[in-house]
Structure formats: C-alpha cells, structure tokens
Protein chains: 2
Amino acid sequence: MSKKQETKARILDAAQVLFAERGFAETSLRAITTRANVNLASVNYHFGSKKSLIQAVFDRFLADFTKELSRELRLMDASSEPVTIELVLEGLIEPLITINKQQANGISIFMRLLGRAYAETQGHLRRYVTERYGHVLEQFTAQLQKAYPSLDMSQVFWRLHFMLGSLIFTLAGSEALREISESDFGQKVSIEELIHQIIPFLAAGMRAEA
Amino acid sequence: MSKKQETKARILDAAQVLFAERGFAETSLRAITTRANVNLASVNYHFGSKKSLIQAVFDRFLADFTKELSRELRLMDASSEPVTIELVLEGLIEPLITINKQQANGISIFMRLLGRAYAETQGHLRRYVTERYGHVLEQFTAQLQKAYPSLDMSQVFWRLHFMLGSLIFTLAGSEALREISESDFGQKVSIEELIHQIIPFLAAGMRAEA
DNA sequence: ACTTGTTTAAAACATACGTTTCAAGCGATG
DNA sequence: CATCGCTTGAAACGTATGTTTTAAACAAGT
C-alpha cells in the first residue's frame, strides 16, 4: 500500500493553481515543487512526466465536476417538472458553486484551466478531455435540446459553444473583471451574483430567432 | 533610413501564426526564424527581445483592427439611422471580415491571439493592450449603451464581456468546431455564416430581462 | 573607389528546464 | 531487530532557449 498520498495531493494542489495562473509551459516543475514543499524528483516519481501531471490535474478536477453535473442532469431527467433552458443552466452552475465552496476562487481556477485546455490546438490535452468527458457534454446537449425541441441539433451545438464561450471567458477572468467593475461602478460583485447575471443572458441567446 | 523592412515583416508574419497556433512560451525564436527564413539574431536586432516581438505582433494586428472599428463606430454615430444592437455588432464584425479577406484564417488567428492576451494574468501584455487600445473599447461600449439606453452601465459592461467571450472563444476555436460540425451534421459552415449565427444570439442576450 | 552606417550570418554564451540517477530515509512485516 | 518495498533528497545530466558577440556583407553618399 502507498504510504503518502499527501505528497501527490500537495503537488496537484500547487500545480492546479500555478497552471491556472500562468499556463502549462510557463510553470516549471521547480515552481510547483517549491510551492508544494516537496522534492523536485517527486513529480516524475509520482506522475512520470510533466505532461502526465497536467492530465492528472484535469482528471481530478473534471472527475468531481462531471460526476456532480451528470447527477444533476439525471435528476432533471427523472423529474416530472418540464425542462427549461434556465433549469439546464442551473444544473451546470450548481457543480461550479460546489467547487467554489471547496476552494477559494475555485471557479476561476477551473475555468482558466478549461480555457487553456481549449486553447491547445496541437496538444493531446484537448483530445484527452473530450474523449474522456465528452459523454457528459453530450448528456448536457441532450437536455438542452429537450428544453428547446424546435431548434435543430446543429444550432443547439453552436449555441452551446456560444454559451460555453461566455461562461469560460467571463469566469476565467472574473477576478480582474470584478475589480474593474468595482473601480468603475463602485460595487463589488460576488461570483455567485455574476453567475446569476449570466444565466438570463445565455437563456435569452438560446431562445433567439434564427 | 532603414533598408529592409522585409525581414521585419517576415518575422511578424511567422510569429503571428505560430503564436496563435501554439502560444507564446511554446513558440521558440528558432521556430519563428526558421519559418520566416531569416537569421536567428535578426529578432533581437529588429525587436530587441522576444517580449517586444510579441507586443509588435499585437500592435500590427490591433492597429489595423481598431482603426477600422473606430471608423465604423464614427460612421454609425454620424448616421441618422437609429442605433441598434445588431448594427453595433455588425460594426464589430466588419473589420473582422476585412482581416479574413487579407489573410487566410485571419479571424481565427486574431481571436486566438486575443484569447491568449486575455489569459495572461501576470504578463504585461493584457495591460499593454487595454491601455493602448482601451479607448476603442470605450467607444464601442458607448454605442452599445446608446442602442440600449435603459440598461445601466454596469450591466452593459458585464454583457459586453459575455459577448466578447462568445465571440473570442467560438471564433478562436472555429476551425476545430467547424470540423466537428461537419462530421456530426454533414454541413460545413463558413466563418461568415458562423458569425451571422452568433449575432442574433448575442443581440438576444443583450436584450434579456434582468 | 573609399568610407560609413545598417543589416545579416554563424557561433558561442549563460541559463533554465525536464528528467535521471543513486543513496539515504522510512514504515511495515517477518 | 533485520529485511524489504516504497518514498524522499540532493545532485547531476543533457538539452533547448533567449540573448550576445563578432565578423562579414551590403547599400548609399561623397
């Protein structure tokens, strides 16, 4: 049996934050191990390589997130209440709120990581994520279509990505944006308030006439 | 007087594409100079440093774009026709179409660069861009508010960024998304078609009830 | 044609990085 | 207590990177 999973977790914690803040290439293993207070070699010992560490960070994050999202979607499916776009979006938001409760700025970190994975054209990361967690996205798409059956699948696909763009982009930069908002308009907006401002925007966009 | 601006332009051309494709840290000066068929040292000779080269790439791109966008906005302001959200968005799209005509996949390259600049929290790049070209964004915001006067400034600010998220995210990944769309739904969507699908989505989102 | 300022070429430099190595440390098992 | 597998520590290795250097090539002015 393994003695210390603590080192592994410490590395993941540090890597997660630094990757989100600076990016993958810009974050050295030395920066990670220094922050985690572990030895440099322990990364290669526990994860094999830097690339595998990056995947492990995504796995830990996405495993939790997709599990909870999938649960929300199944509950929605079983419920007798009619599915609306707002409900589907709430089901997506709920796991994010959970993340934010478990970790300070968790949403921002999560979204920054997602954005970076998305930006990787060449890298295997994007393929890895879509292959491993693509089924939840399909599940989500299915609910979306159920909420808006008159929209054909191709348009659901595109509008889904319009929504993801808004969400990932805004929440990834939410800290900076909230600071600007505060200095310009004098009122600090919480992440949860912000999210509940996005939902009507997205829902209205989904319902737009083609 | 300078003799050869050609080397400088060749470097910018190569750097622009590679930065958009792979990112800044992932693109070496050697990769750039090889692609541009120039000597390695010429980057430091003409631009001083890699960081300055990155800024120069943004400058060339944003100078053209903001100039044309600013012109569109001024025309709109002078026109007697009432300003609508759709019109403002068209004014934003128009310079993008121009870019795409001047350069293959120009929109995607431009948006990928913008996305990367946005993702840089620590780097000076984001601050550099916002300080140098922020006035055009303010101009754009002003028109948006004129098109929708009942929305208070703080909400205009947020919804503007919701829209930017959709645009940058979708258009940055448009090549991959259009391939998925083609294989899943059998129809290839052109960039221009795609853009004209986004506009009603964004406009409806802007008009959403709070 | 010679000089001068600018640009290119090739090589070298210093450094930061991911990875590997190997010895020491540790914890449980017999 | 001795032994064995797992984990940590410190150092070194090889390599790729941004930058600098120095000389050659070049264009233009007188």
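Proteins get letters first, then strands, A, B, ... in listed order; numbering begins at 1 in each.
Taking only side-chain nitrogens and oxygens, A:Ser42 never comes nearer than 4.0 Å to OP1 or OP2 of D:dT7. In this structure, B:Thr7 does not reach the C:dT7 phosphate: none of its side-chain N or O atoms is under 4.0 Å from OP1 or OP2. For B:His46 and C:dT8, the shortest distance from a side-chain N or O to OP1 or OP2 is below 4.0 Å.
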Identify each donor-acceptor pair in which a side-chain atom of residues 177-187 of chain A lies under 3.5 Å from a protein atom, sequence neighbours left out, and give them as a table.
| residue | atom | partner | partner atom | Å |
| --- | --- | --- | --- | --- |
| A:Arg178 | NE | A:Val189 | O | 2.6 |
| A:Ser183 | OG | A:Ile180 | O | 3.2 |

Which donor-acceptor pairs under 3.5 Å do the side chains of residues 37-45 of chain B make with protein atoms, sequence neighbours left out?
| residue | atom | partner | partner atom | Å |
| --- | --- | --- | --- | --- |
| B:Asn39 | OD1 | B:Ala41 | N | 2.9 |
| B:Ser42 | OG | B:Asn39 | O | 2.4 |

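One interatomic measurement links the two molecules: CG of A:Asn39 to C1' of C:dG18, which rounds to 14 Å at whole-angstrom precision. In this structure, B:Arg10 places its CZ atom 15 Å from P of C:dT7, rounding to the nearest Å. Rounded to whole angstrom, the span from the CD1 atom of A:Ile11 across to the P atom of D:dT7 amounts to 12 Å.
Judged as a side-chain hydrogen bond (donor to acceptor under 3.5 Å, both in side chains), and not counting sequence neighbours, the contacts of B:Ser52 are B:Ser49. By the salt bridge (charged side-chain N to carboxylate O under 4.0 Å, His left out) test, A:Arg132 is found to be paired with A:Asp59, residues two or more places apart in sequence or in another chain being considered. Residues passing the salt bridge (charged side-chain N to carboxylate O under 4.0 Å, His left out) test with B:Arg35: none are found, sequence neighbours excluded. A:Gln143 pairs by the side-chain hydrogen bond (donor to acceptor under 3.5 Å, both in side chains) definition with A:Asp77, not counting sequence neighbours. Shown here are the side-chain hydrogen bond (donor to acceptor under 3.5 Å, both in side chains) partners of B:Gln139, two or more places apart in sequence or in another chain: B:Ser70.
Relative to the six-membered ring of B:Tyr118, B:Arg126 meets both conditions, a distance below 6.0 Å and an angle of at most 45° to the axis.
Recorded end-axis angle for the helix from C:dA1-D:dT30 to C:dG30-D:dC1 stands at 10°, based on five pairs per end and rounded to 10 degrees.
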Indicate for each nucleotide in nucleotides 13-20 of chain D, in 5' to 3' sequence, whether protein heavy atoms under 4.0 Å reach the base (B), only the sugar-phosphate (S), or nothing (-). ----BBBB
